[in-house]
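See structure below.
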Amino acid sequence: MTRQFLMNLLLMFIWVALTGTFNYSNFFFGFLLGYFILWLLVKGESYENKKYFNRVPKAISFLLYFIYEMLKANLHVAYDVITPNYFMKPGIVKYPLEVDNDWQINLLSSCISLTPGTLIMDVSHDKKALYIHNMYLKDKDEFIKNIKHGFERRILELTR
Amino acid sequence: MYSRILKTATYYLIPVLLLFSVFILLRGHYKPGGGFVGGLIASIAFVMHSFANSVEKTIRLLRHHPFKLIPVGLIVSFVSAVAPLFLGQPVMTGLWYNEPVPIIGMIGSALFFDLGVYILVIGVTLTILFTISQSTK
Amino acid sequence: MLISILSGIILSVFIFVLGHKLNAKYAILYAIVPISLFVFFAQYIPLLHLQKSILSAYIWMPAMQINFDFNLDGVGLLFCLLISGIGSLIFVYAAKYMIDDSDIHRFYAYLSLFMSAMLGMVLSDNVITLFLFWELTSISSFFLIGHYHKNAESRKSALISLGITGAGGLVLFAGLIWMAQIVGSYSIQEIIAQSSLIKNHEAFYIILTLLFIGAFTKSAQFPFHFWLPGAMKAPTPVSAYLHSATMVKAGIYLLLRFSPAFNHTPFWNITLLSIGGITLLLGAIISISKYDLKSILAYTTISALGFMVFLIGLGSDLALKALGIFIVVHALYKATLFLITGIIDHTYHTREINELAGIRKHKPLLFATGIIAAFSAAGIPLTFGFLGKEAIYESLYQQQEIWSFVLLGLLVLANIFMLYASFVAGIRPFTGKPSQIVQETPIKSDGSLLIAPVLLAALTIIFGVAPVLFEKSILDNFLASTITNVAIINSHLALWHGFNIVLVLSLITIILGTAIYIFAPKNIDKRETEARYNTGNIFIGLNILLKKSALVITHKLHNGYLRKYLLTITIFSLAILGYAIFKHIQIHLDFSKYSSFKIYEVAVAIMVIISVITTISTTSRLTAIVSMSVVGYCICLFFVFYSAPDLAMTQFTIDTLTVVLFLLVLFRLPSFVNLANRKTKIRDAVVSILFGVFIGIIALGILNEPHPNTISKFYGNESYLAAHGKNVVNVILVDFRGFDTLFEIVVLSIAGIGVISLLKLQVAETEKE
Amino acid sequence: MNLTLYLQYVILPILAFSLILTFIRLIKGPDIVDRVIALDLIITSGIGVIAIYCITFNSALFLDVGMILALIAFLGTMAFSYYIEKRYK
Amino acid sequence: MTEILVMIFSTIGSLAILIAAIGIFRMPDFYLRLSVTVKAATLGTGFILLATCLFFGEISVNTKSLAIILFLVLTAPVAAHLIARAAYFSGTKLWDKTLIDEMKGMYDKETGILRSGEDDDEQEKGASPNP
Amino acid sequence: MIENMIVMPLLGQMLIAIITLLFWGKSKILRYISLFGSLFVLINAIILFTKVAQNGILVMHAANWKPPFGITFVADTFSSLMVLLTSIVGFCISIYCVQGIGTNRVNFGFYSIYHFLLMGLTGAFLTGDLFNLYVWFEVIIISSFVLMTLGGRKAQIEGSIKYVAINLFSSIIFLTGIGLLYGVAGTLSIADLAVKVPQLPNQGLVSIISIFFIISFGIKSAIFPLYFWLPSSYHTPPSAIAALFGGLLTKVGIYAMMRMFSLVFTMDGWISQVVILLSVFTMFVGALGAINKMNLRRLFSYLIVCHIGFMVGGIGMFTLTALTGTIFYLIHDIIIKTNLFLITGVIRLMNGSVNMNHLGNMYKDYPKISFVFAIVFFSLVGIPPLSGFWPKINLLTAAFEQQQYIYAIGLIFASFITLYVIIRIWAKAFWKEKTSTLDRLTNNFEGKTLVEKTYLIAPIVILMLITCYFGFFAQNIYEISSKIANQMIDKTDYINAVFGHIN
Amino acid sequence: MELVIILLIALLYSSGVYMLLRRSMVKLLIGVMLLGNGTNLLIFLMGRITRGNPPVIPDNLSVLTEPFDDPIPQALILTAIVISFGLQAFSIVLLKRVYVLVNSDDLDDLNTPEEINDI
Ligand code: NA
Ligand code: NA
């Protein structure tokens, strides 16, 4: 997978060097082009080699999901912040972790923290639980389920 | 402070910061930046590491006590300052290599001077912070 | 002539270097130097008959006009002969007297140094070198007085005498420099020649006072006389030499030297007359209440010095002539008496007159010298002292004024006391039934100790019987340099002037004095009277007062509280800046020169203001740190607004690092405690607000001025073309003003090293440095 | 409406107002952690101000300052957390 | 066109920052304040930086803007976590209307170790982490 | 005349400092690096001094930028002389330090900072740029600050806080002054300022700005009422360090004041009166402070303050005579004060104390060393013909010329107190028999070998001989002083040399 | 705006001096820092202020064209900032030592009366 990514980058740089135009769109185009070429080349090969090509779309969809969540929740909070009354029901919830890799935990907690209303307090030392502060805690189990099916699932998909 | 999240975060933050510090160092002659700020940023990177791990581990990462960077930095700056003496020029006179080098631009004694500043600032900042941290335990 | 002065110094250096290797027995060899000096000066006697003075100049520091200009005239010769002559005798005497002293060589070193200093002083024609030698006499006498330095009294006396003479010396120094400054020359002759400049100077009285203080301290005049008896803690040869024959006469010499310049100005004459008069009476009166031989001699010396000052104050030609005689008379008999005292002390280990009697059987020769000296002091005919006394009475009588008769009466009174005291010192120990101490002490030969007193006594008689010898050798030359009246110069000293009023006075003095000596009750402890006349107590009181006030002032100023120091400094700065602003600045606002207001900038400014207030008013340390860093950040924003990106970057980072450092250190400290009361806070607030306001006013004033920025323009033009950089600030830092940066990083390095050493190195209190 | 004017008279005042609000929290506290996050927010908003400023004066030089700000905002918060924690241990 | 986009982006950004500011100003407890500000500020600054990207359109400027955004996104959650943790450690009170606090009592005050409560064996062993 | 030679003493010190950093912790080598390095610098300083004496003012433009655009280094008689004195003092203290500084301190960077301090001093004397002078001042402050705390004893910490707080305040005032001056004149080169400032339209502002320099340099040179840091701190560090401080630190302030007021500002009118008045107060507080002190180091600290008054008054009068005297006194004072503190170090070694209550018998125990000490003491007092005497002639003459009688009174009073305390020291420490029974008092001197003793005594003797030279050959010093004074009164030489005009 | 900046300068100097006069060493250090900020701002103002024209030569030019902000005060302040950082860092460490010695940062606790325990 790493090899393919590096290959993709190499292709991109060759493209840029060939065209001699140093700007974003050209880099981006070179990357896409390289990706496409590689994708063509690995078609029909073993699962291991295809992994890279599954990742990229997933990463993009993850990013879009993240931005969507972030905007949605931001508006929610904004409403609460601006209006005089508080609608909040805050609480600190223990979230049982499925992911066990440090990187994954980091990614997950970053995502959770950056979407409004929720905030990572800490990770337990045995990496089994995440303590999350939530502004709108209507139903604890519902909240845990949302994350499980939202961010955590996507992260697991992306990294495994 | 033991934070798994911070520890993981430093893995990717430190290289970014070091890269940024070199960038700031090299372009100082053309755009805002320079050895001083560059050095500070680099030391912030190591300070982060020490927060996330421990001072001892950071020193192990650096392989030497940062104190040893102080004379190194001084020597680099000193040499680039007195080098013109040997060419019969006044001290500090800028000596320049005629052809510009890509990315960095013109290479000259001023750049080495700034490099010395960079090294020294890392050395001093880390020396101070680490010595205090170690003595606080 | 320089060699003559240097010889003593050379001898002294020689002794310092090699002396400790020599046997004490050879100390007598040192006397060769003063003896040869005496011979050397004696040869000038005939020469001076031919010319008024002999000049010799040795270049030392011509650019500073400071050279060894020596001027040997009659006055100088008199003193030179006295110094070297009595010096020779003392050298001989001390060789035996001090033979058991382990520090005898050092003693001789200081003694010969002193002798040179004296010679140098009386020969100098340059006020600077005069002062140089003057101070040298003080210093060498300090070491001589403190010779027995294990004795606390001895140390104290040395301190007091150097204290007084040193202070006087400095005052004299001021006076000499002042005169030299007015005249424009350091030459004494020049100063005397142009003395009218000084006399017409607005500060004439002050200058003279300075001169007087110098002379009076050295010559133990009232009220500075008290140090002299204390100085008698010195070994007896020193007392004999310094404190009777020579050093104390330095002041007399000085007055005599400047007498041609200032004589016949009322301030000069009246001051000298009164101070001399008081001193001579006071010394004489106190001397009769003493029962320690040396104390008696000390006070009679003070009295004699008073006589001398008095005579200078009288200022007439006859008075000066009397002075010339009296100086020698006094030197001869006083030195003799001291030396006798020394021998007695040496033999019986006491100087109490109450414990001494009947020594004549043990020391008949000494008895004879004692009588001669005492008679000379008493002014009994056929001794030299008679001539002296006659001359003094004559000089005063000749004035024929009411005041002079009154003074004459006082003089007679003083002389009566002097006579009494001299008899007590010179005769009483020898007469009567031997006291217990005397009986118990085995007879031993005085040997070479006797040489000096005997020679001096002999001279007293010789000059007394044949005054012409004195005249030819010393007095004529002396008179030639001090007075102009040819008649007086040419008149001769005579044993018999015929029966006149002066003789009557002399007889009254002798008769009354002798009567008191015979009939006055003996052995009465009159210690009580001492304190009453001792101005020393005043000075000691002054000294204590000085020390105490110094303590108070120092503690008041230097109280150990840093904040008070800073407050003082700030208030001082405010005062001086405030005055300057008040004097030099007008405030006017020229809004056309200022840039426009921007809401967001004002917002940032407001944040600065509030943060500052928070910083200074919060009780939480961390809050203080946080709000202080906000101040820094906001200022960085200003740097961004006003086109200084480099600055903003650097300050942002540094501020943050500083905060981190603070945290590292502070996190365990408790909250601030309110340590100042309201009043203090208000005071500090007023002071600091004023400080800020002043800075603001000055800044405003400068903003109204044009700002020349030629250098910036040069940098703007050359930065890329010559220094290959486009960020001008950075180019300044690494090139145009790279030297600043090079040493700025040195500061950082030092801080780094310092932190390491401060935290890791803790030297124990007891460990060596 | 001109972009520069819009930024100067609408956006920057909004940001200034935000700064002031945050600043009030900084002053009020009540806990040190409140001040720390207020400081953090001030710095982050500062990046915004600087970015807007770059557009206003058409000079990107100040963006570097923004970069530094982002860096030190993190460092500052990290340091404060570190010591607050240490202190209460 | 660019100008309008710049205006829009900067407006969104500044409003987000404003919301963060209001949030930090009036939210009732520390955790809520933190929760609001971290993301709103990151979002707001991100939008403003995107606006500069649009405005300048130069590669060097854009790199920098994007780098700042990236850096903020990377660090903000970490910072929030650190300060929240520190606050909890130092005993900063939760709002009184807070529903639950499952973290209560899970910190070991001595070592700063957070238990998960999932595995009681570990708890009993009192396993200590590497320092 | 362009000369790289000017910066040789400076770079030499820096090089030594860097080399000593490389040998961190190796005390034996460090001592000799410092010793030979200092000798090397001394030789350079002598060469520089003779070159200046032969060729006149030498100038070096750092980075080859012509003034006023770059930083200029100027070696005129005054600065090269000061550099020479610094090198002499540095060399002597280096000798002393071989034995006089403990291994602990040496292993924790003593020598590096010591040479950085000397570098700072040298730089301050040589620079021809105002802001560069500020940088040198900071180098001096931080290195002296570190040296003062080196060892970390409580007294040291206490002293250094006062020292640094007040000195930082001074730096701030100095920097403010520089900023304001830049605001009106737009330049930083001292020579350029010397040309431009007198031509400024608003001379009132210039006077106000000059106040900042008086305050700042006044603090540095410890004049009343800005002197507090000095007696608070100078008794705390080891003697060798105190010797360097005592000899040179305050003198930099004096030097800077003389430079600024000869070249840029004018010392006249009320400012001159204020300065003279302050000088008198300085003499008095210094003298009064010294009277009661039993601790020799404290006593000498106050004497430093006292004698600063002599010089400041001379600056206040600012005539040829006064300046000649001031410079002569400055030269004398540097050597003598250094020596005094070295002497306290030896006394401490001999007795385990520098408190007069615990001292005694030194005259008997060490007659020859005592003799050397005595000469130093009497030079300090100004017993003619020793060195302290000569400048007083000029200072007094100037006082009478200018009718500054109050100054003359102060001078005489201060001289008297100096005499008084010195003879008191002599009586108590040298004459008196030792009575103290404190068992902490040990003689660490006696046990040393002859060579070790020589390292301690030789520098004192060298400095004493130099003092004697000043005394007996005062004319040479006088001529140098008056040459310098002339250059101060007439600044055209300096300006011409810096700008390279041919006279 | 110059007037506002002068106001700030005055404020910084005032508060700096006020803090210098406190007993706490922490406050003393804060005072020094405030004064430092004031001085920097003053020097900056002395070079006069210009908005949006940093002294950086644009990519396409080789000399700096007016108007530009005076770079000299900037360079001076930079140097001054760095220097004061060194001093402050050391002072802060000293503060730590003081705290270890007397267990407070009250400078009056550190005072030893003159001549006591002097050896
Ligand atoms: Na969230
Ligand atoms: Na500016």
Side-chain angles (χ1 to χ4, degrees), chain B residues 24 27-41 43-44 47 51 65-67 69-71 73-74 77-78 80-82 91-94 96-97 100 105-114 116-121 123-136, chain C residues 639-640 643-658 660-668 718-720 722-760 762:
Chain B
I24 287 283
R27 51 167 268 158
H29 223 47
Y30 294 89
K31 291 283 157 63
F36 194 79
V37 181
L40 285 178
I41 293 170
S43 21
I44 288 178
V47 170
F51 274 131
H65 194 281
F67 171 74
L69 290 175
I70 296 179
L74 275 177
S77 291
F78 182 75
S80 39
V82 300
V91 179
M92 250 355 266
T93 307
W96 293 94
Y97 179 70
M106 296 289 280
I107 292 265
S109 55
L111 187 71
F112 286 98
F113 184 72
D114 231 9
V117 175
Y118 176 84
I119 297 171
L120 183 124
V121 167
V124 170
T125 319
L126 293 184
T127 302
I128 294 175
L129 287 168
F130 288 179
T131 316
I132 303 180
S133 310
Q134 283 177 325
S135 75
T136 309
Chain C
F639 289 152
V640 171
S643 328
D646 281 282
L647 216 45
M649 281 165 91
T650 314
Q651 178 146 16
F652 269 131
T653 1
I654 295 237
D655 270 1
T656 311
L657 273 177
T658 312
V660 171
L661 270 176
F662 252 126
L663 289 176
L664 272 165
V665 170
L666 275 188
F667 68 96
R668 278 189 218 277
E718 298 296 316
S719 177
Y720 185 65
H724 309 284
K726 290 199 160 180
N727 178 1
V728 181
V729 175
N730 189 270
V731 175
I732 295 176
L733 286 178
V734 298
D735 197 332
F736 291 115
R737 299 186 63 89
F739 243 50
D740 284 347
T741 311
L742 181 61
F743 300 108
E744 156 205 319
I745 63 174
V746 168
V747 172
L748 276 186
S749 319
I750 298 170
I753 302 165
V755 168
I756 290 191
S757 55
L758 186 60
L759 288 177
K760 292 195 173 167
Q762 266 130 56

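By convention in this document, chain letters (A, B, ...) are assigned in the order of the sequence lines, proteins followed by strands, and residues within each chain are numbered from 1. Just so it is clear, the structure is predicted and the values come from calculations on it, not from any experiment. All heavy atoms count here, side chains included; hydrogens, waters and symmetry mates do not.
Taking chain C as the reference chain and counting heavy-atom pairs below 4.5 Å, the highest number among B:G28, B:G108, B:S43 is found for B:G28. Between chain C and the options B:V121, B:T93, B:T127, B:V37, the largest number of non-hydrogen pairs under 4.5 Å is found for B:V37. Per-residue counts of heavy-atom pairs under 4.5 Å with chain B were compared for C:G754, C:P645, C:G738, C:A722; the largest is that of C:G738. Ranked by heavy-atom pairs under 4.5 Å with chain B, the first of C:V734, C:I654, C:T656 is C:V734.
Taking CD1 from B:I44 and CG from C:L657, the interatomic distance works out to 5.0 Å, rounded to the nearest 0.5 Å. Note that CG of B:L40 is 7.5 Å distant from OG1 of C:T650, once rounded to the nearest 0.5 Å. The structure places CD1 of C:I756 at 12.0 Å from CZ of B:F130, a figure rounded to the nearest 0.5 Å. For the atom pair CD1 of B:I70 and CG of C:L748, the computed distance is 9.0 Å after rounding to the nearest 0.5 Å. B:T131 contributes atom OG1, which lies 10.5 Å from atom CG of C:L664 (distance to the nearest 0.5 angstrom).
Contact of C:Y720 with chain B is made through the side chain alone, with heavy-atom distances under 4.5 Å. Residue B:L126 does not touch chain C at all, counting heavy-atom pairs closer than 4.5 Å. With a 4.5 Å cut-off on non-hydrogen atoms, B:T125 touches chain C through its side chain but not through its backbone. B:I128 touches chain C through backbone and side chain together, each having a heavy atom under 4.5 Å away. Contacts between C:V729 and chain B at a heavy-atom distance below 4.5 Å are absent for every atom of the residue. For C:L733, the part lying near chain B is the backbone, with the side chain staying farther off; criterion is any non-hydrogen pair under 4.5 Å. Only the side chain of C:L759 comes within less than 4.5 Å of a heavy atom of chain B; its backbone N, CA, C and O stay farther away.
B:M92 and C:F739 get closest at one heavy-atom pair: CG-CD1, 3.2 Å. Annotation for B:G34 and C:N730: closest pair CA-ND2, 3.7 Å, computed over non-hydrogen atoms. Closest of all the heavy-atom pairs between C:I745 and B:S77 is CD1-OG, 3.6 Å. Between B:G33 and C:D646, the closest heavy-atom pair is N-OD1, 2.9 Å. Counting all heavy atoms, side chain and backbone alike, B:F36 lies closest to C:E744 at CD1-OE2, 4.2 Å.
Looking only at side-chain heavy atoms (C-beta outward), C:L742 and B:V91 stay at 4.5 Å or farther from each other. Counting heavy atoms from C-beta outward, C:T741 and B:D114 have side chains that stay 4.5 Å or more apart.
More than 12 non-hydrogen atoms from other residues, nucleotides or ligands lie less than 6.0 angstrom from CZ of B:F78.
C:N727 places no side-chain N or O within 3.5 Å of a backbone atom of B:H29 that could act as its donor or acceptor partner.
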